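Here's the structure we're looking at; comments come further down.
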Amino acid sequence: RIAMEKLEEMTNNEWEIGAQEQGEVREAGLNPKVQVKFTLTRVPDPHVQSMAQSVLFVAVSYLGCWIAKGAVPARVTLAIVTILVVSNTQVALKAQLPKIHYSVWLLDFQSGCLVFNVVSFILYVLVNFGSQQKDSFVSIP
């Protein structure tokens, strides 16, 4: 009974304890044994939330392309913040998942979002550089 009560107290963001059933109790010898059956259900909400957050930050990063090209601090800040948030989310997910040596689609998705944010920043750098080069040319009458 104590083990069943402890099982009910245990909580986790990723797993939910479902139906519980206490089986037979064997008190043979010095080590009594109890058979307990329970089901674990995985709660996908934390991972879905991190995916939605990453998609949102990719969209915000690309919306930065419509900010005026003269607003350099706003565009650079937006790009850097989105890159940092998505990379921080990826690091947090790696810390939550077990240590494995193969590819996981969730981490691949986060890496893709990070790449999209970096590409958006590189696009802004290229546009800014191109506009500076265009402005530096002197037209000869």
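In this text the structure is predicted, and so the values were computed from the model without any measurement.
- Crowding of Gln96 atom CD: a count of heavy atoms from other residues, nucleotides or ligands under 6.0 Å exceeding 12.
- A distance of 12.5 Å separates CG in Asn128 from CG in Leu123, rounded to the nearest 0.5 Å.
- Taking CG of Asn88 as the reference point, atom OG of Ser50 lies at 11.5 Å (rounded to 0.5 Å).
- Atom CG of Leu56 sits about 11.5 Å away from atom CD of Gln49, to the nearest 0.5 Å.
- There is a path of hydrophobic side-chain contacts, each under 4.5 Å, that joins Leu126 to Ile83.
- Taking CG from Asn117 and CD1 from Ile122, the interatomic distance works out to 11.0 Å, rounded to the nearest 0.5 Å.
- Cluster annotation: Val58 and Leu93 are assigned to distinct hydrophobic clusters (Ile/Leu/Val/Met/Phe/Trp/Tyr, side-chain heavy-atom contacts under 4.5 Å, transitive).
- No continuous path of hydrophobic side-chain contacts links Val119 to Val85 [ILVMFWY only; heavy atoms under 4.5 Å].
- There is no path of hydrophobic side-chain contacts, each under 4.5 Å, that joins Val127 to Tyr62.
- Note: the hydrophobic cluster containing Val81 also contains Val118 (ILVMFWY, side chain heavy atoms under 4.5 Å, direct or indirect links).
- At a threshold of 4.5 Å between non-hydrogen side-chain atoms, the residues Val55 and Phe116 do not count as touching.
- Looking only at distances, a side-chain donor or acceptor of Thr82 sits under 3.5 Å from a matching main-chain atom of Leu78.
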Just distance, no hydrogens or angles: give the donor-acceptor pairs under 3.5 Å from side chains in residues 105-114, sequence neighbours left out.
residue	atom	partner	partner atom	Å
Asp108	OD1	Ser103	OG	3.2
Asp108	OD2	Ser103	OG	2.4
Gln110	OE1	Ser54	OG	2.6
Gln110	NE2	Ser54	OG	3.2
Ser111	OG	Gln90	NE2	2.7
Ser111	OG	Leu107	O	3.0

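- In this structure, the separation between CZ on Phe57 and CG on Leu63 is 12.0 Å, given to the nearest 0.5 Å.
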